[in-house]
*Asks:* 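My structure is below; once you've seen it, I'll send some questions.
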Amino acid sequence: MDIFDLTDDESFDVPFEAKEQKGVRNVYKEDQENALLKSLNKEQLEAVQTTEGALLVLAGAGTGKTRVLTTRIAYLIQKNLCRPYECMAVTFTNKAASEMKERLFNMIGPVAGDVWLGTFHKIGLKILRRHAQEVGLSSDFNIFNQDDSFRLLKLILKEYDVDVKKYSPKSLAEVIDSFKNKGFLPESLPKSLEAGASFPKSGFFYREYQERLRTLNAVDFSDLLLLSFEVLKNNPELALKYQHQFRYILVDEYQDTNIIQYLWLKLLAKGYGNLCCVGDDDQSIYSWRGAEVENILRFSEDYPKAKTIRLESNYRSTAEILGAASSLIAHNKGRLGKTLRVAPTHLLEGKQVEVKGFWDSKKEAYFVAEDVSYNRKGRRLSDLAVLVRANFQTREFEEAFSKEGIAYKVIGGFRFYEREEIKDMIAYLRVVAQPKDDMAFERIVNKPKRGIGAASLDKLREFAASSHQSLFESIDAYPSNKGAFAHLREIKALFVKWQEDLEVLPFFEVAKEVLYESGYMKMWKDEASFEAKGKVENLGELLSVISADFETITAFLEHVSLVMDTDELSKDDCVNIMTLHGAKGLEFSKVYLPGWEEGIFPHQKSLDEGEKALEEERRLAYVGLTRAKEEAVISFVANRQVYGQWQASIASRFLSEIDSKYLKTSSQMGMQSSFENKEDENFDEPYQNASNFFRNRGAASPQKGFSNSSLSRSTTSLKKNEAVTENGIKRGSQVYHEIFGYGVAVQVDGNKVEVYFEGLGRKKLMSPFLEKVK
DNA sequence: ACGGACAGTTTTTTT
DNA sequence: AACTGTCCGT
């Protein structure tokens, strides 16, 4: 299951001239080549067979990008142009890597395992592990995830008395990450970059952060690239060795590379210059992670002899879907430009893209669930997907699907490895593996409660800092053995025991010991709540995952930091619910694209940021549409609840940017107001309806638009911290008031309140009337 | 040391 | 709505 085995060093250590090829057929057979290439079209064939020098393959959606990449690798190996371990193929996601791995295996068999195939981060990690000491780390360093980084930054900011509310660790993390993505260590950070950053003294905090990471013997995600690049940059001999090894380098999704990845590739490809980059500038959706579309736009400047091949035959979608997607993306400026056309062998008779408007997101979700029910006949559920802009949107679909009895899986979102209990357990294991890891240690030192409070920890922290040791190490030397410190010694003794056990027992056994002997499992078992039950189950599941898949603690910890459990699509037959970002590289026969509302999609932040950000949103929409093979449904709602507050929505501008001949619109609003009976409204234009509706009603007086029959009445009790004021409802120190005139809140008797409302249930009753007042 | 009450904030996408 | 941080009583 591991994409490539990090313990397998032989392919590297043996001088490559002397290396015998394992399992590769030395004799090239023509029929093999024919079998490999026969299904390719002319464009694809050229991309596979252009083996010398730099090559840019501009591959539009659905034009067989992965096929070209894998066939190219197979071709190189079969034609004996390189040995498997002399070929490196880099992807962005584990999903893409494992798919390529699988396809390659089917083409050339087990030797596929020798190809350096993996994500940028994984290959960076492989290099960094070998040469960690060059950057002042020991090779068993830990990998910090985003959460760890935030916590560390928060710690640092607090030490310097920075107001964490005003200057959040998250924004600092973003700034530091952007430095790393551009390839700068604190020492080399240009003043101008620091000055332009949105966080004050970011250069100082960056330096501080890197130093702390080093003392913790840890790196963060971006370091995997940055530091592996530094290692090679500072050791020309070493770099030469790698440059000599990699005769062929292939890159997937080149449009999403950032500067450090660009430099990293350039350095590694220096030996042979056989760099093949595949990408699509219209699908660049990771600029917030430092991706520079410019990398792909100026490829031919960087590699002047580079050839460019365009793949424009689309084997995936109907003409209607392609037409809709193309007419939308045409609104973007500065594209390299491609014209996708339906492949002649693939002419599909298609339906128009459906556009539907709904009253609220619940109706939208239930429509999708019912439509799925209807469409499942003669189709696999896994051929259907719901693609959302943000993770929070998945919730209502989950609810609707489970009520309709439809199997579904949410990809991404709340991940297994990000659950509290799993993170705690991982923290325990991290301390076992790497006692210097103060972050992990602090996380679990008093979990379950061991009578070690904040005050004692403060003392220990101070002591540890003055003796330049980790918390764990400094426990023994601390000049006290009372109260919390006695408990600290106890827990340390346990950790030492587990470390010793690791020498003699299988990792799985030790993991089990840790879970039970620490009292962590007991802590949740003793709790009667529904939640705790699930946590106990999850912990059990974690143990079984460990016993099935991981032999060493290092392998396990590496896996949890680099590979998310939900990276891969479920093997079961179920509907996939995921973000648009997560859907890149996938295809489905029918795709649902909900939540196309201003502020949701395009996201509010992109609207605030301006044209460039908006273009990226548009590319995201393009990615979404082109995932569909046969059908696509776009929908939006008139009311949306975001963070517990109701808000009016207006249909996304993207809808009006799509050539209407590819669209079929219909209203599913089904509201109970008098609005429904108005004849002058055109129900075939639901996105206009939504905006008109709120324009008409937005600032209206309470009763406007209500017909008496649809007006309901309900009484409710005020909560402890609520009161009715003249302008609205007072809750604590916050005052809320009614919006849109949907209802009137009237104090009746004591804490009883009478509310008029329109066709909404009790739970929803209050929220639409409440809006925070500054 | 610990838990409950209260106030205030959150606000995208991922390796 | 769900979450964090702080204050305060036990």
*Asks:* Under 4.0 Å between any heavy atoms, over every strand shown, what does A:Gln146 touch: base, sugar-phosphate, or nothing? Just pick one.
*Replies:* base

*Asks:* Taking the nucleotide of DNA chain B with the closest heavy atom to each, which residue, A:Thr579 or A:Asn446, is nearer the 5' end?
*Replies:* A:Asn446

*Asks:* Looking at B:dT15, I'd like to know if its phosphate oxygens (OP1 or OP2) sit under 4.0 Å from a side-chain N or O belonging to A:Asn258.
*Replies:* no

*Asks:* Between B:dT13 atom P and A:Met578 atom CE, what is the distance in whole Å?
*Replies:* 15 Å

*Asks:* May I ask you to decide if the ring planes of A:Phe601 and A:Phe654 are parallel, tilted or perpendicular, using 30° and 60° as cut-offs?
*Replies:* perpendicular

*Asks:* Nearest whole angstrom, please: distance from the P of B:dT13 to the CD of A:Glu253.
*Replies:* 19 Å

*Asks:* Salt bridge between A:Glu462 and A:Lys459, side-chain N to carboxylate O under 4.0 Å?
*Replies:* no

*Asks:* For A:Phe92, answer base if it contacts any base atom (sugar-phosphate contacts may also be present), sugar-phosphate if it contacts only those atoms, and nothing otherwise; contact means non-hydrogen atoms under 4.0 Å.
*Replies:* sugar-phosphate

*Asks:* Anything under 30° is parallel, anything over 60° is perpendicular, the rest tilted; go ahead and classify A:His581 against A:Trp288.
*Replies:* perpendicular

*Asks:* With a 4.0 Å limit, can you tell me whether A:Ser606 has a side-chain N or O closer than that to the phosphate oxygens OP1/OP2 of B:dT12?
*Replies:* no

*Asks:* DNA chain B: A:Ala454 or A:Tyr286, which has the more 5' nearest nucleotide?
*Replies:* A:Ala454

*Asks:* Could a donor-acceptor pair under 3.5 angstrom be found where the side chain of A:Arg289 meets the base of B:dT13?
*Replies:* no

*Asks:* Tell me what A:Arg395 touches on the nucleic acid: a base, only sugar-phosphate, or nothing, going by heavy atoms under 4.0 Å.
*Replies:* sugar-phosphate

*Asks:* Grab the CG-C1' distance between A:Asp163 and C:dT4 for me, whole Å please.
*Replies:* 14 Å

*Asks:* Measure from NZ on A:Lys180 to C1' on B:dT14 and round the result to the nearest Å.
*Replies:* 16 Å

*Asks:* Measuring to OP1 and OP2 of B:dT13, would you say a side-chain N or O of A:Asn391 lies under 4.0 angstrom away?
*Replies:* yes

*Asks:* Quick check on C:dT4: is either OP1 or OP2 less than 4.0 Å from any side-chain nitrogen or oxygen of A:Lys165?
*Replies:* no

*Asks:* Any salt bridge linking A:Glu490 with A:Arg450? Criterion: basic side-chain nitrogen under 4.0 Å from a carboxylate oxygen.
*Replies:* no

